[in-house]
Amino acid sequence: MVLVDSNILIDILGRDPAWWEWSLSKVEEALLTGPLLINEVIFAEASIRYSDIRRFEDALTQMGVEVDESG
């Protein structure tokens, strides 16, 4: 399991010109080792750019990221 930082999600989802490629490659590498998780704080930080939370949740699903709500 790998906890993904909000900055990585923001880079990828926002297609940051300086960091998108690097961040995407790190997520792809991490997927090979196990599930990708975020906690509720990271969810809140990364979702702020979305006016529709379902679009953010869909983007996470497409990336293979799950929300760990266990605390």
Side-chain angles (χ1 to χ4, degrees):
M1 136 178 72
V2 175
L3 184 65
V4 180
D5 185 70
S6 58
N7 291 323
I8 297 294
L9 295 176
I10 291 166
D11 291 346
I12 294 170
L13 297 172
R15 290 197 169 258
D16 182 278
W19 290 103
W20 178 79
E21 194 171 309
W22 183 88
S23 294
L24 185 60
S25 72
K26 296 306 173 189
V27 164
E28 289 171 342
E29 287 174 24
L31 272 169
L32 298 174
T33 66
L36 302 179
L37 300 175
I38 61 172
N39 60 28
E40 293 169 335
V41 172
I42 294 169
F43 183 95
E45 290 174 347
S47 67
I48 194 73
R49 66 186 344 256
Y50 285 82
S51 59
D52 182 350
I53 202 65
R54 289 174 297 214
R55 290 187 63 221
F56 178 65
E57 292 170 337
D58 289 345
L60 291 178
T61 299
Q62 290 175 6
M63 289 176 56
V65 176
E66 301 173 33
V67 180
D68 179 12
E69 298 177 3
S70 64

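Values below: all heavy atoms of this structure, side chains included; hydrogens, waters and symmetry mates excluded. Residues: numbered from 1 along the sequence shown.
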If I take atom CG from residue Leu9 and atom CG from residue Leu36, how far apart are they, to the nearest 0.5 angstrom? 9.0 Å
In this structure, CG of Asp68 is separated from CE of Met1 (nearest 0.5 Å) by 7.0 Å
[X]-[Y] co-clustered via ILVMFWY side chain contacts under 4.5 Å:
X     : Y     : value
Ile53 : Val67 : yes
Val2  : Val27 : yes
Ile12 : Leu32 : no

Determine the minimum heavy-atom distance between [X] and [Y], stating which atoms define it.
X     : Y     : result
Ala46 : Ile10 : CA-CG1, 4.1 Å
Leu31 : Met63 : CD1-O, 3.9 Å
Pro35 : Glu66 : CB-OE2, 4.3 Å

Can you classify the ring geometry of Tyr50 versus Phe56 as parallel (below 30°), tilted (30 to 60°) or perpendicular (above 60°)? tilted
Phe43 and Glu57: side-chain contact (heavy atoms from CB on, under 4.5 Å), yes or no, with the steps? CA-CA 9 Å; Phe43 183 95; Glu57 292 170 337; 4.1 Å; yes
Can you list every pair that meets side chain to side chain donor-acceptor pair (under 3.5 Å) and has a residue in residues 2-26, with sequence neighbours left out? Asp5-Asn7, Ser6-Glu45, Asp11-Ser23
Go through the steps to decide whether Val4 and Ile42 satisfy the test side-chain contact (heavy atoms from CB on, under 4.5 Å), and finish with yes or no. CA-CA 8 Å; Val4 180; Ile42 294 169; 5.9 Å; no
Go through it in stages, so that I can follow the logic: the residues are Ile38 and Leu60, the test is side-chain contact (heavy atoms from CB on, under 4.5 Å), and I'd like the CA-CA distance, side-chain angles, deciding distance and then a yes or no. CA-CA 10 Å; Ile38 61 172; Leu60 291 178; 3.8 Å; yes
